[in-house]
2 protein chains.
Amino acid sequence: MNTAKIEFSECGDCPIRHRAVCSRCETDELEQLNKIKFYKSYPAGQTIAIRGEPLQNVASIVAGTATLTRSIEDGRTQMVGLLLPSDFIGRPGRDTLQYDVTAVSDVTLCCFQRKPFEKLLEDLPHVRERLLEMALDELDAARDWMLLLGRKTARERIASLLTLMVKRTIRPDGEVMGNSSRIELPITREAMANYLGLTIETVSRQLTKLKNDGIIGIEGKRAITIPDLGALLAETGDDEDGGMIV
Amino acid sequence: MNTAKIEFSECGDCPIRHRAVCSRCETDELEQLNKIKFYKSYPAGQTIAIRGEPLQNVASIVAGTATLTRSIEDGRTQMVGLLLPSDFIGRPGRDTLQYDVTAVSDVTLCCFQRKPFEKLLEDLPHVRERLLEMALDELDAARDWMLLLGRKTARERIASLLTLMVKRTIRPDGEVMGNSSRIELPITREAMANYLGLTIETVSRQLTKLKNDGIIGIEGKRAITIPDLGALLAETGDDEDGGMIV
DNA sequence: GCGTGCCTTTGATCTGGGTCAAGGAAAGTG
DNA sequence: CACTTTCCTTGACCCAGATCAAAGGCACGC
C-alpha cells in the first residue's frame, strides 16, 4: 500500500519515534537503540505473529496497517486493536503475545530483539516513560471500544469507526482537517465487522444507509467522503466533546 | 462489606503493595511514598470520581469493590473495569479521569496526592515499572473483554464473568481453589448487566438457566456455588487453556 | 405486623442484527 | 475475451436478547 511512503529518514535515527520516545532521547541513547534495530516487511494479508507463540521481537509500525485479533475456535473473531504507523507491537516483560497480529496492507516494522531491548529499557527512562504513556492511551482506547461493543447500535458503531479513521488520518502530516474530508479505509469490510462486533452484511447495510441519509459518500469500495464531519459525529452516540480517544 | 477484613498491616508499609511494587521497593523508597499517602473510605453506592473532573489523587484499593464506567447521556452505561483490592485508580500524566468511579461495596482507598506522586515516580523505577506492568495487564484484560462484548452469547458472558470472579477470589489468601467453590458476587445484577453489555433481565434469565442446567447453584441473591468449575469453564466459549486474564 | 422500597425474577412481545442465499463489480489470469 | 476469484451489496427470513409489564422476595422503619 504505502510502504514506500515513509522514508527511512521519517522513521528517523531513533527507531520508535512517532508517538514514541525519541524526541526526548539523548543521542547516545539513540545509538544504543539503533544497534539492535532492524527492519522487516510483510505483504498485505500475511500473519505477523500468532497468539501464544514465543515472541522474539518487539516492534514499531513504520508503514501500513496491522490488526490485533482475538478469536475462538468456532471462528468468531474480534479485533482488539488497529495498529497504524507509530503503534507499538509486543510488550516488555511478556514472552508470548496474547493476540494474533496480521498485516492488512503491506506493513513495514522497525523491530528490536526483545531481550536486548528489555535490558536497554533499564537505562532508558524516556523510553519506559513513553511506553507507559502509550499503554495507558491504548487502555483508554480499549475502554472506549468496550462502550461501543457493549452498548452502541450498528449505525453508531460505523459512525464511530469512521470518526476514528478520520482522526487518525489527520496525524501524519499534522494537518488539521476541515469540516469535510475524504478517507481511504485501510481495511476490508470483514475487518471492519470484526472490529465492530458485527457481520459484514450489517456493515455493508449501515454504510449504504448512512450514504442514503447523506451523512457519507462512498466512492468505490474503499474511499469514504464526509461532507459534514459534525453530522457524522452526531451519529456516533458519543457526547459532544467527542470523548473518543484515538 | 469487608472494610475491616484487610488490616492496616496487610496494606503494609508500602501502600501500593498487593499487585503493585512494594516487594521490590527499598526501605527509603517506601518512606517517601508513605509521606504522601493517606486513607479514604466510601460507603457502598457512593461516587468516588466523575469523568472529566480534575483528578487530585491517585489511589490503590485496599478493601471493597469499585467500578469504572463509561456512559452516554441517554442512560446507556458500560462498565469498563471492575476494581478489586490491589487495583490502581488514576494515571500518572493525566489530570482528568476518563471514567466514572463508583463504590459498589464499602471501599477503602490508599490515596496519594497526584502531583507529589508523579514527582516521586521519577525516582522510583520499581514503581514505574510496576505501573507499566499493571497497565499492560489491564490492557490484556480489557481486550479479552472486547472479545466477550463483541462476540459472545449471553450465556457465555455470564459464565465468563463467574469464572473471572472465581479466579479473582482466589488471590487474597493465595489459596488454590478446588474443583468446586462458592463465591459472593460483590455486585448487583445491574452492575453485572453493565459489565456484560446485557440487560438485567437477560442476566437474571441466564443465571436461572445455568442453575437449571446444574452448572451453578444460587443461594439468595448474591451467593453462587459452582459444583464443577470445569463445567462452568466449558460454558465460557474460551479456549481450553482458559486464556482469560484476571 | 404492615407498609414501603429496592432488587430480582418471570412472562409476553417486539426488533435489530444475524443467518442464509443470491447476485453484482472489479481485478487478475490464461 | 471468457473465467475465476475475491470482495461487496442486497433481499428474505429468523432468533437472541431487548423491551414492556407484572409479580415475588426481603429488609427496612414505624
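Reminder, nothing fancy here: chain letters follow the sequence lines and each chain counts from 1.
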In whole angstrom, what separates [X]'s [atom1] from [N]'s [atom2]?
{"X": "B:Leu196", "N": "D:dA16", "atom1": "CG", "atom2": "C1'", "value": "15 Å"}
{"X": "A:Arg151", "N": "D:dA18", "atom1": "CZ", "atom2": "C1'", "value": "10 Å"}
{"X": "B:Met192", "N": "D:dG17", "atom1": "CE", "atom2": "C1'", "value": "16 Å"}
{"X": "A:Arg189", "N": "D:dC8", "atom1": "CZ", "atom2": "C1'", "value": "7 Å"}
{"X": "B:Arg76", "N": "D:dA18", "atom1": "CZ", "atom2": "P", "value": "13 Å"}

If we only count heavy atoms from C-beta on, is the [X] to [Y] side-chain gap below 4.5 Å?
{"X": "A:Gln78", "Y": "A:Ile72", "value": "no"}
{"X": "B:Leu164", "Y": "B:Leu161", "value": "yes"}
{"X": "A:Thr47", "Y": "A:Asp100", "value": "no"}
{"X": "A:Arg91", "Y": "B:Asp140", "value": "yes"}
{"X": "B:Ile218", "Y": "B:Ile216", "value": "yes"}

Practice prompt. Provide the start and end nucleotides, 5' to 3', of the part of DNA chain C that has atoms under 4.0 Å from heavy atoms of chain B.
Written response: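 Endpoints of the contacted stretch of DNA chain C: C:dC7 to C:dA12.
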
Fill in: Contact residues, residues 200-214 of chain A to DNA chain C [heavy atom, < 4.0 Å]
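The answer is A:Glu201, A:Thr202, A:Arg205.
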
Worksheet item: Which residues satisfy the side chain to side chain donor-acceptor pair (under 3.5 Å) test with A:Glu235, sequence neighbours excluded?
Response: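 With neighbours one apart ignored, the set is A:Arg155.
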
Worksheet item: For A:Arg76, which residues count as a side chain to side chain donor-acceptor pair (under 3.5 Å) partner, sequence neighbours excluded?
Response: A:Asp74, B:Glu156

Fill in: Spacing of B:Asp87 atom CG and B:Leu82 atom CG [to the nearest 0.5 Å]
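Taking CG in B:Asp87 and CG in B:Leu82, the distance rounds to 8.0 Å.
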
Worksheet item: Passes salt bridge (Lys or Arg N to Asp or Glu O under 4.0 Å), A:Arg182 versus A:Glu184? Steps please.
Response: CA-CA 7 Å; A:Arg182 180 176 190 283; A:Glu184 286 285 333; 3.4 Å; yes

Discussion item. Go nucleotide by nucleotide along DNA chain C from the 5' end; which of B:Thr188 and A:Arg155 gets its closest nucleotide reached first?
Written reply: B:Thr188

Practice prompt. Look at all strands and tell whether A:Gly197 reaches a base, only sugar-phosphate, or nothing, counting heavy atoms closer than 4.0 Å.
Written response: sugar-phosphate

Item to complete: Just call it for B:Arg222: base, sugar-phosphate, or nothing, with non-hydrogen atoms closer than 4.0 Å on any strand.
Response: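 Sugar-phosphate contact only.
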
Could you go over nucleotides 24-29 of chain D and give all protein N or O partners under 3.5 Å, atom names and distances?
unit_1 : atom_1 : unit_2   : atom_2 : d
D:dG25 : N2     : B:Lys221 : NZ     : 3.4

Fill in: Working for salt bridge (Lys or Arg N to Asp or Glu O under 4.0 Å), residues B:Asp238 and B:Lys152
CA-CA 9 Å; B:Asp238 287 323; B:Lys152 286 191 182 176; 2.9 Å; yes

Worksheet item: Excluding sequence neighbours, so at least two apart, what forms side chain to side chain contact (heavy atoms under 4.5 Å, CB included) with A:Leu97?
Response: A:Ala49, A:Leu55, A:Val101

